[in-house]
Number of protein chains: 2
Amino acid sequence: MAKQANVSTATVSHVINGTRYVSEETKRKVHEAMEDLNYRINSVARSLRSRKSRVIAFLAPILASETSNYFFMSVAAGIQSVLKQQEYHLMLSDSHEEEEYEADEIRMLGSQMIDGLIMAPAGREPDYERLFGDYPVLYLDRVPHDSGKRDCVVVDNKNVSKEAVSMLIGQGHRRIAYLSGPNMLTTTEERFAGYLEALTEAGLDAEPDLIGMGEVSLGSGYKLTESLMRHRPTAIFVTDNVMAMGVMFYLQEKKIAVPDQIAVVAYDAFQWTRITSPPLTVIEQPAFELGVKAAEVMLERINNAALPRQVHRLTAKLVVRQSS
Amino acid sequence: MAKQANVSTATVSHVINGTRYVSEETKRKVHEAMEDLNYRINSVARSLRSRKSRVIAFLAPILASETSNYFFMSVAAGIQSVLKQQEYHLMLSDSHEEEEYEADEIRMLGSQMIDGLIMAPAGREPDYERLFGDYPVLYLDRVPHDSGKRDCVVVDNKNVSKEAVSMLIGQGHRRIAYLSGPNMLTTTEERFAGYLEALTEAGLDAEPDLIGMGEVSLGSGYKLTESLMRHRPTAIFVTDNVMAMGVMFYLQEKKIAVPDQIAVVAYDAFQWTRITSPPLTVIEQPAFELGVKAAEVMLERINNAALPRQVHRLTAKLVVRQSS
DNA sequence: ATGAAAGCGCTAACAT
DNA sequence: ATGTTAGCGCTTTCAT
């Protein structure tokens with residue numbers, strides 16, 4: 001290729017990268033040769049030499065369930081929108097929400113292959129630091145116990161949850177049920193803390209019978225609602241979107257009127273929450289923005305490893321509709 | 001690293017890849033040194049040398065809309081499940097359902113070393129062949145006009161659509177509305193063909209007033225339903241999941257009883273279709289299986305470029321619930 | 001304004 | 001049973 005244009009490989013490189021002056025005439029010749037040979041740069045060689053791949057990996061439970069996947073896909077879209085502008089690639093990896101699977105993926109991601117890793121950890125305890133390669137890591141949405149000196153971009157779950165429950169209390173509800181997945185992620189924990197705090201502030205006691213935690217699935221949401229209902233709640237706060245489907249399924253099947261017999265507040269403003277009867281009051285998480293911020297921070301970090309650690313907490317919004 | 005273990009780089013390589021006999025003793029030393037130095041293989045160098053990256057790209061409108069993204073994420077999960085077993089990586093790229101964006105991605109991929117590309121083309125006409133690099137390409141879900149000698153893995157949309165419409169006809173419906181996105185993809189086209197064929201076989205005429213096509217969104221589905229309803233259909237077949245939300249939103253708002261006043265059959269069995277009132281009769285596409293098949297075919301193709309072209313058409317299933 | 005050449009970390013052919 | 005060495009296709013320093 002260099003010979004086709006009668007120039008050195010150095011010149012070709014400089015033409016491609018605009019990295020030093022090259023006469024118009026020479027540029028022309030190079031471009032011509034590139035055209036002739038349908039030349040495509042070999043970015044693998046480039047990565048090897050420059051020690052940069054311009055690939056950022058996003059590791060999250062994207063394929064684990066229909067709904068969590070939508071959340072993380074929105075996040076991915078946000079990441080993508082930033083990376084694309086800077087000519088970075090996004091490599092999506094799935095953690096299956098399982099620590100082992102996740103560790104596997106991190107190992108596969110290996111070293112030189114990525115310039116940075118954005119991840120929503122599946123666990124709290126794993127010794128992630130030992131797995132990571134020599135690239136910056138940013139925790140997104142959730143944070144492991146030892147988040148070390150890593151950048152973090154999360155949602156303020158506690159305050160918005162508190163706001164939702166306080167609203168319910170303001171409407172006169174005293175028996176507010178809480179439904180969520182297992183309390184193993186910082187997100188879930190914060191939501192629960194918000195629930196508790198709203199109760200406490202209103203001088204209410206948390207009642208164990210009104211608290212349901214279990215597997216994240218429609219069926220599990222259905223069953224837990226069934227148990228919860230035995231204790232006569234007048235409202236239910238469900239912190240997971242798929243479980244919320246279970247709640248609605250149960251309520252609809254038993255012809256329990258919402259919000260007259262029971263008020264419902266759910267998490268995540270996916271489209272389907274608009275077409276239930278009635279449309280659901282939900283907490284809308286800034287998923288896309290989470291991705292945007294994460295990508296921005298990651299890029300800053302890549303360009304300046306010495307930057308102080310950044311922790312961003314984005315606020316979620318309570319969207320009041322007719323179920324409360 | 002090689003010196004740390006007092007062996008040659010060749011031996012290290014062979015230990016890592018199990019590619020020739022190495023004495024237990026030497027293996028031990030190498031593994032020890034790897035441990036000591038927290039050695040991680042440089043897959044970029046490996047790719048450069050071996051001309052294989054073990055990365056398969058999947059290019060689809062994954063981030064374009066909430067629903068198409070469920071579908072393609074399931075496909076991705078299927079692809080992933082196969083690739084992972086063979087220690088391949090999945091690189092996800094988004095086409096935004098726009099040809100230009102898509103071409104851009106292909107170009108970026110082209111310079112990124114991938115061993116294969118699985119794509120759901122956004123357009124019918126683009127001269128894709130000119131964009132592709134030197135790797136196998138497989139068309140998934142949809143096919144461009146010039147699918148050339150490429151492998152294809154698609155869904156049999158026509159027959160299942162026909163089955164759905166025929167069922168409606170069998171139930172006595174004569175005025176069956178058809179609602180879909182713009183007729184630009186092979187998928188949409190096939191669904192329409194199935195609708196038409198069912199009508200024809202029953203001796204019914206297609207009525208232009210009962211056919212609505214437009215933007216794929218909840219709002220657009222709502223508006224189109226509104227127009228369609230002026231022509232008194234007794235059933236509606238909607239081939240897009242997001243538009244189906246618009247249909248349900250309209251029907252619910254206007255308190256039009258389903259299926260008493262109008263029957264509804266929609267596309268895709270996402271969870272939300274179970275919690276509408278009533279639960280929706282839907283066509284369930286084998287999304288995950290589509291991905292599995294595509295990945296399998298791709299791997300076969302990579303291992304044997306001379307294999308005859310493969311075209312797989314998976315069947316979708318009509319899931320009858322209470323809306324019809 | 002351009003070229004020569006080293007070398008990124010591997011794999012694989014060739015030696016021994 | 002293991003070592004030597006030549007590249008893979010780039011980027012980049014040093015020359016001219």
Side-chain angles (χ1 to χ4, degrees), chain A residues 1-34 36-55 87-89 107-115 133-135 302-303, chain B residues 1-34 36-55 87 89 107-115 133-135 302:
Chain A
M1 146 72 182
K3 38 222 66 160
Q4 168 93 5
N6 269 312
V7 294
S8 71
T9 64
T11 300
V12 172
S13 174
H14 286 119
V15 169
I16 289 172
N17 300 302
T19 174
R20 84 176 176 198
Y21 182 88
V22 178
S23 74
E24 288 307 319
E25 171 59 7
T26 309
K27 274 190 199 159
R28 223 211 61 248
K29 281 194 299 183
V30 172
H31 283 127
E32 205 166 82
M34 280 175 45
D36 286 0
L37 306 178
N38 189 21
Y39 172 84
R40 331 177 93 85
I41 197 162
N42 182 330
S43 50
V44 173
R46 169 186 280 181
S47 298
L48 178 60
R49 177 61 226 236
S50 64
R51 331 224 52 179
K52 277 174 177 346
S53 64
R54 296 193 87 78
V55 172
E87 303 242 333
Y88 268 81
H89 273 282
R107 266 179 234 110
M108 275 179 86
L109 254 17
S111 51
Q112 310 296 313
M113 193 146 194
I114 58 174
D115 286 354
D134 194 26
Y135 41 75
I302 286 172
N303 294 322
Chain B
M1 146 72 181
K3 39 222 65 162
Q4 167 93 5
N6 270 312
V7 295
S8 71
T9 64
T11 300
V12 172
S13 175
H14 286 119
V15 168
I16 289 171
N17 300 302
T19 174
R20 85 174 174 197
Y21 182 87
V22 177
S23 73
E24 288 307 318
E25 170 59 8
T26 309
K27 272 190 199 160
R28 222 210 63 247
K29 282 195 299 185
V30 171
H31 283 127
E32 205 166 82
M34 281 175 44
D36 286 0
L37 306 178
N38 190 20
Y39 171 85
R40 337 178 85 87
I41 197 159
N42 183 328
S43 46
V44 173
R46 170 186 279 181
S47 297
L48 179 60
R49 177 61 227 234
S50 65
R51 331 227 50 176
K52 266 156 189 358
S53 62
R54 297 193 86 79
V55 173
E87 303 244 332
H89 272 283
R107 265 180 233 110
M108 279 178 86
L109 252 22
S111 61
Q112 207 54 45
M113 241 258 240
I114 57 173
D115 288 353
D134 193 26
Y135 41 75
I302 286 173

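Note on naming: letters A, B, ... go to the chains in the order of the sequence lines (proteins, then strands), and numbering restarts at 1 for each one.
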Are the side chain of Y135(B) and the backbone N or O of G133(B) linked by a donor-acceptor pair below 3.5 Å?
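It does hold such a pair.
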If you compare all heavy atoms of H14(A) against all heavy atoms of T19(A), which two are closest, and at what distance to 0.1 Å?
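Smallest heavy-atom distance, with atoms named: CD2-CG2, 2.6 Å.
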Base, sugar-phosphate, or nothing: which does T26(B) touch, judged by heavy atoms less than 4.0 Å apart?
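Touches sugar-phosphate only.
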What residues form a side-chain hydrogen bond (donor to acceptor under 3.5 Å, both in side chains) with N42(A), not counting sequence neighbours?
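N42(A) satisfies side-chain hydrogen bond (donor to acceptor under 3.5 Å, both in side chains) with no residue once adjacent residues are dropped.
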Can you sort out the partners of E25(B) under side-chain contact (heavy atoms from CB on, under 4.5 Å), two or more places apart, ordered by chain and number?
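In terms of side-chain contact (heavy atoms from CB on, under 4.5 Å), with neighbours along the sequence ignored, E25(B) is linked to S23(B), R28(B), K29(B).
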Residues which pass side-chain contact (heavy atoms from CB on, under 4.5 Å) with S47(B), listed by chain and number, not counting sequence neighbours:
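Partners of S47(B) under the side-chain contact (heavy atoms from CB on, under 4.5 Å) test: V44(A), S53(B).
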Quick tally for nucleotides 9-16 of chain D: nucleotides whose base has a protein heavy atom under 4.0 Å get B, sugar-phosphate-only ones S, the rest -, giving BBBB-B--
Min side-chain heavy-atom separation L48(B)-M113(B) under 4.5 Å:
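They are not in side-chain contact.
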Pairing string, 5' to 3', for DNA chain D - Watson-Crick or wobble contacts under 3.5 Å, brackets [ ] where pairs cross, | to another strand:
||||||||||||||||
Under the side chain to side chain contact (heavy atoms under 4.5 Å, CB included) criterion, do R51(B) and D134(B) qualify, and how do the steps go?
CA-CA 11 Å; R51(B) 331 227 50 176; D134(B) 193 26; over 6 Å; no
Whole angstroms only, please: what is the [atom1]-[atom2] distance between [X] and [N]?
X: N6(A); N: dG3(C); atom1: CG; atom2: P; result: 9 Å
X: Y21(B); N: dG3(D); atom1: OH; atom2: P; result: 14 Å
X: E24(A); N: dT2(C); atom1: CD; atom2: P; result: 10 Å

Under the rule for salt bridge (Lys or Arg N to Asp or Glu O under 4.0 Å), what residues qualify as partners of R20(B), not counting sequence neighbours?
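For R20(B), no residue satisfies salt bridge (Lys or Arg N to Asp or Glu O under 4.0 Å) once neighbours in sequence are set aside.
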